[in-house]
Amino acid sequence: VLRDDSPAPSVAGLAAVGAAVPTIDPPVLPESGPRRSTSRWRIAVATVLALAVAAVGLLLALRAFDDPPATPARPLASVAVLPFKPLVPAAADPALELGMASTLIAQLASLPDLRVLPLSSVRRYAAPDGDPLAAGAELGVASVVEGSLQSDGRRLRVTVRLLDVADGRALWSGQFDEPIAGIFDVQDAITARVVAAVAPHLSANVVRRPRPTDDPEAYQLYAAGLYEWQRRDRNGHPAAEGNLEAALALDPEYAMAWSALSGVLAVQAVFASRPPAEVFPRAEAAARRAIELDPQAASGWGALGHVLVQWHRQYEEGDRLYRRALALDPTDAQVRMWRGINLAHLGRFDEALAELRQAQSLEPRTLVYAANLGFVMFLSGDYAGAAEHLRRMLEIQPGFDQVRTYLGRVLLHSGRAEEALAAFAARRVATPGGLGDLGRAYAQAGRPEAARAEITRLRELGRGGIGVAYDVATIHAALGEREAACAALGQALEDHSQLIGFLRVDPALAPLRGERCYAQAFRTLYGAEPPAATAVRADG
């Protein structure tokens, strides 16, 4: 999870990145409603039941001032819920606006035969002057939900429209003015009206799961925490953590808040902004609590898989949990990215690249997925393909530091150390797992004193609990200092350096592949012997 606050690229531009990336729709699940009967009494009973379910869901909407839903000329099988906008710009509440969209997405996504884009695909369309029809066309959906809201802490005013992207028709519009405690009823009513207009055949299948929370203040705190996390800014992570903990203080059984808290805690260790030993145990406890409260939610299983991989180095078990999460929600691009990176840990590159391409196709505007695709191409040995892919990304988004990091590594291991140094120097901030980049580049550029200065800097950082030993080992290896590199690699097994999972495939450790210390670390991490082609030096 990385900072990305520069202007968003167009989908047309991103289409050029990884030209072979396929478009993959989520699998269509079988309809869960009863089979039709030809007998009249069964038809009558089914009709009455369906009308009863729809009536309950529409009660609030019918109380509100709204226009009756138009009957679409054709079935609409896909919808994007755009971030809500402020009714009064001066009173904007971006967290609540994004949270309203997130909740509606989750409710609609539970229906079979309805493709609903995930939050990360739509969050960039929050500009007050954005065109919802243009957004829908760019996202490739048949309909969009767009709305505005305002809250003074006591009351909630919401206006919402459902638009047909093809011709701009308003399939439904409504207004709500309710006490803030009625926010959940408003969300239920909007969901019911959208389903009635977009896919009336699914109305009978709307089976409401229990609400994640009945506390409107806890919900608002959760929305604020989610907003800070989704900004992909390390400065927002402490604020996200505080909001989520406050939500859980009000409602300790709020499963979604527990899984979000797990993710926020874990990413701080990945960013090297907090010591792994300080945050990963809490992240694991939060993920397990989320699963205990709601085992049918994919987010808890994905969060736990991430902790098992990054903290416990349980790569096979982590993969099992990622697959379980994806069975519950095949459209979760974040989990697909995590799984793809973990498969690279295991050297299963064909599967890793397939997962990352799926993540990119699900959320083409989220650059981190395309960047990690380039990184795994590099790890697989496709230096030329990775360099081309990453350079195209920089043309689209010149300020994306993660891409500069990955391109710098490709250049470095292609024997172009000075170009790599230039790429690393152009970064605004260090990216996760990039602690040793400069030191290795200095070593390969023939500047050993600068490389050793980087080792000193990293050792100082390590005194604060940040895992640095793996990065130190790679710099010593680049300097040809095998004994020091082996000593650091042994320490890396204890300090939870974030890149150690790539030991099997990282070219930075190529100078150590014949050392006994490498074989020992390999056995510890993967429970197996290194490949037979890797000879072990007797003096390693």
Participant: Do NZ/NE/NH1/NH2 and the carboxylate oxygens of E449 and R452 come within less than 4.0 Å?
Facilitator: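 Answer for the salt bridge query: yes.
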Participant: When rounded to the nearest 0.5 angstrom, what distance separates CD in Q444 from CG in L479?
Facilitator: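 So the CD of Q444 and the CG of L479 are separated by 9.5 Å.
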Participant: Pair E245, R282 - check salt bridge (Lys or Arg N to Asp or Glu O under 4.0 Å), show working.
Facilitator: CA-CA 12 Å; E245 288 182 331; R282 293 177 56 207; 2.4 Å; yes
Participant: Provide the closest heavy-atom pair for A477 versus A508 in the form atom of the first, atom of the second, distance.
Facilitator: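 Closest approach of A477 to A508: CB-O, 4.1 Å.
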Participant: Is there a side-chain contact between L265 and E284 in this structure, where contact means two heavy atoms from C-beta onward sitting under 4.5 Å apart?
Facilitator: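 They are not in contact (no side-chain heavy atoms under 4.5 Å apart), so the answer is no.
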Participant: Rounded to the nearest 0.5 Å, what's the gap from CG on L293 to OG on S259? Could you check?
Facilitator: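 L293 atom CG to S259 atom OG measures 10.0 Å (nearest 0.5 Å).
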Participant: With ring centroids as reference points, do F271 and H237 lie under 6.0 angstrom apart?
Facilitator: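 Distance test on ring centres: under 6.0 Å, yes.
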Participant: Is a donor on one side and an acceptor on the other found under 3.5 Å between the side chain of S262 and the backbone of A283?
Facilitator: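 Confirmed, S262 side chain pairs with A283 backbone.
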Participant: Can you see whether F424 has R404 sitting over its ring - NZ or CZ less than 6.0 Å from the centre and within 45° of the normal?
Facilitator: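 The answer is no, since R404 fails at least one limit relative to F424.
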Participant: Find the distance between OH (Y442) and CZ (R447) and round it off to the nearest 0.5 Å.
Facilitator: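 Separation between the atoms: 5.0 Å.
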Participant: Hey, are Y470 and D506 close enough side-chain-wise for a donor-acceptor pair under 3.5 Å?
Facilitator: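 Indeed, the side chains of D506 and Y470 share at least one donor-acceptor pair under 3.5 Å.
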Participant: What class does the angle between the rings of H345 and Y315 fall in, given that below 30° is parallel, 30 to 60° is tilted and above 60° is perpendicular?
Facilitator: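 The rings of H345 and Y315 sit tilted, inter-plane angle from 30° to 60°.
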Participant: Quick one: does E253's side chain get under 4.5 Å of R289's, heavy atoms only?
Facilitator: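 Yes - at least one pair of side-chain heavy atoms lies under 4.5 Å apart.
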Participant: Mind checking whether I475 and L458 have side chains closer than 4.5 Å, heavy atoms only?
Facilitator: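 I475 reaches L458 side chain to side chain.
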Participant: With rounding to the nearest 0.5 angstrom, report the CG to CG distance, L343 to D319.
Facilitator: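 Atom-to-atom, L343:CG and D319:CG are 5.0 Å apart.
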Participant: So Y254 and Y222, ring-ring contact (aromatic ring centres under 6.0 Å, His included) or not? Walk me through it.
Facilitator: CA-CA 9 Å; Y254 198 165; Y222 166 77; 5.2 Å; yes
Participant: Should F400 and M393 count as side-chain neighbours, where that means a heavy-atom distance under 4.5 Å?
Facilitator: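 They are in side-chain contact.
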Participant: So which atom in G385 and which in D382 form the shortest heavy-atom distance, rounded to 0.1 Å?
Facilitator: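 Smallest interatomic distance, heavy atoms only, reads N-OD1, 2.9 Å.
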Participant: Taking side chain as C-beta onward, heavy atoms only, is L221 less than 4.5 Å from L244?
Facilitator: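 Contact flag for L221/L244 side chains = no.
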Participant: Does the plane of the ring in Y383 sit parallel, tilted or perpendicular to the ring in H413? Use 30° and 60° as the thresholds.
Facilitator: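 Geometry flag for H413 against Y383: tilted rings.
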Participant: State, yes or no, whether a side-chain contact exists between P507 and F378 at a heavy-atom distance under 4.5 Å.
Facilitator: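 P507 vs F378: side chains touch.
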Participant: Under a 3.5 Å distance rule, please check whether S380 uses its side chain to pair with a backbone N or O of M377 as donor and acceptor.
Facilitator: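 The answer is yes, because a donor-acceptor pair under 3.5 Å joins these two groups.
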Participant: For E316 and Q314, indicate whether the former's side chain and the latter's backbone hold a donor-acceptor pair under 3.5 Å.
Facilitator: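 No; judged by distance alone, with no hydrogens or angles, the pair does not exist.
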Participant: Give me the atom names and distance for the closest heavy-atom approach of P276 to G467.
Facilitator: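 Taking P276 first and G467 second, the nearest heavy atoms are CD-N, 4.2 Å.
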Participant: So, taking the atom named CG in L226 and the one named OH in Y219, what distance separates them when rounded to the nearest 0.5 Å?
Facilitator: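 L226 atom CG to Y219 atom OH measures 9.0 Å (nearest 0.5 Å).
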Participant: Could you check R463 against E460 for salt bridge (Lys or Arg N to Asp or Glu O under 4.0 Å), going step by step and ending with a plain yes or no?
Facilitator: CA-CA 5 Å; R463 291 189 182 95; E460 185 61 32; 2.5 Å; yes
Participant: State, yes or no, whether a side-chain contact exists between R482 and E515 at a heavy-atom distance under 4.5 Å.
Facilitator: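 SC-SC contact between R482 and E515 confirmed.
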Participant: Please report the interatomic distance CG(L493) to CG(L525), rounded to the nearest 0.5 Å.
Facilitator: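 Reported to 0.5 Å precision, the distance equals 5.5 Å.
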Participant: Can you list the steps and then say if L304 with I291 is a side chain to side chain contact (heavy atoms under 4.5 Å, CB included)?
Facilitator: CA-CA 9 Å; L304 182 58; I291 292 169; 3.7 Å; yes
Participant: What closest approach, in Å, do A333 and L362 show between heavy atoms, and which atom pair accounts for it?
Facilitator: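 Where A333 meets L362 most closely, the heavy atoms are CB-CB, 4.3 Å.
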Participant: With a 4.5 Å heavy-atom cut-off, do T331 and V116 have their side chains touching?
Facilitator: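 No, their side chains stay 4.5 Å or more apart.
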Participant: Please answer whether the main-chain N or O of C486 pairs with a side-chain N or O of Y518 as donor and acceptor at a distance below 3.5 Å.
Facilitator: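 Such a contact is absent between Y518 side chain and C486 backbone.
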Participant: Does a salt bridge link R440 with D471, judged by any charged N lying under 4.0 Å from a carboxylate O?
Facilitator: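 Between D471 and R440 there is no salt bridge, as every charged N stays at least 4.0 Å from the carboxylate O atoms.
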Participant: Does E419 CD have over 12 foreign heavy atoms under 6.0 Å away?
Facilitator: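 Counting other residues, nucleotides and ligands, CD of E419 exceeds 12 neighbours.
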Participant: Checking N342 side chain against W338 main chain: does a donor-acceptor pair fall under 3.5 Å?
Facilitator: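 Checked: no pair found.
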Participant: Could you tell me whether R274 and E241 have a side-chain N and a carboxylate O separated by less than 4.0 Å?
Facilitator: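 Judged by the 4.0 Å cut-off on N to carboxylate O distance, R274 and E241 do form a salt bridge.
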Participant: Would you check, one step at a time, whether the test side-chain hydrogen bond (donor to acceptor under 3.5 Å, both in side chains) holds for N372 with Y406?
Facilitator: CA-CA 8 Å; N372 279 301; Y406 292 162; 2.9 Å; yes
Participant: Do you know which two heavy atoms are closest between M256 and P212, and how far apart they sit?
Facilitator: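 It is SD-CG, 3.4 Å.
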Participant: Using only atom types and a distance under 3.5 Å, with no angle test, would you say the side chain of W258 pairs donor to acceptor with the backbone of P252?
Facilitator: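 Checked: pair present.
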Participant: The test is side chain to side chain contact (heavy atoms under 4.5 Å, CB included); show your working for V403 and L367 and say whether it passes.
Facilitator: CA-CA 9 Å; V403 175; L367 295 179; over 6 Å; no
Participant: Does atom CD (E483) have a neighbourhood of more than 12 heavy atoms from anything else shown, all under 6.0 Å?
Facilitator: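 Incorrect, the count does not exceed 12.
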Participant: I'd like to know if R288 pairs up with E292 as an ion pair, taking the criterion as any Lys NZ or Arg NE/NH1/NH2 lying under 4.0 Å from an Asp or Glu carboxylate oxygen.
Facilitator: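 Salt bridge between R288 and E292, a charged N being under 4.0 Å from a carboxylate O: no.
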Participant: Please give me the minimum heavy-atom distance between A443 and A451, naming the atom from each residue.
Facilitator: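 That closest heavy-atom pairing would be N-CB, 3.8 Å.
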Participant: Taking V335's backbone N and O only, do any of them form a donor-acceptor pair with D332's side chain (distance below 3.5 Å, no angle check)?
Facilitator: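 Answer holds: yes.
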Participant: Is the shortest distance from a Lys or Arg side-chain nitrogen in E388 or R391 to a carboxylate oxygen in the other one below 4.0 Å?
Facilitator: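 No salt bridge links E388 with R391.
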Participant: Given side chain to side chain contact (heavy atoms under 4.5 Å, CB included), test H496 with W311 step by step and report yes or no.
Facilitator: CA-CA 7 Å; H496 293 278; W311 174 243; 3.4 Å; yes
Participant: Any donor and acceptor pair, going by atom type alone, linking the side chain of R336 with main-chain N or O of Y369 inside 3.5 Å?
Facilitator: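 No; zero donor-acceptor contacts below 3.5 Å.
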Participant: Strictly distance-based, threshold 3.5 Å: is any side-chain N or O of S414 a donor or acceptor partner for the main-chain N or O of V410?
Facilitator: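 Between the backbone of V410 and the side chain of S414 there is a qualifying donor-acceptor contact (under 3.5 Å).
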Participant: Looking only at atom types and distance, does a side-chain atom of S273 sit under 3.5 Å from a main-chain N or O of Q268, one as donor and one as acceptor?
Facilitator: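 Yes.
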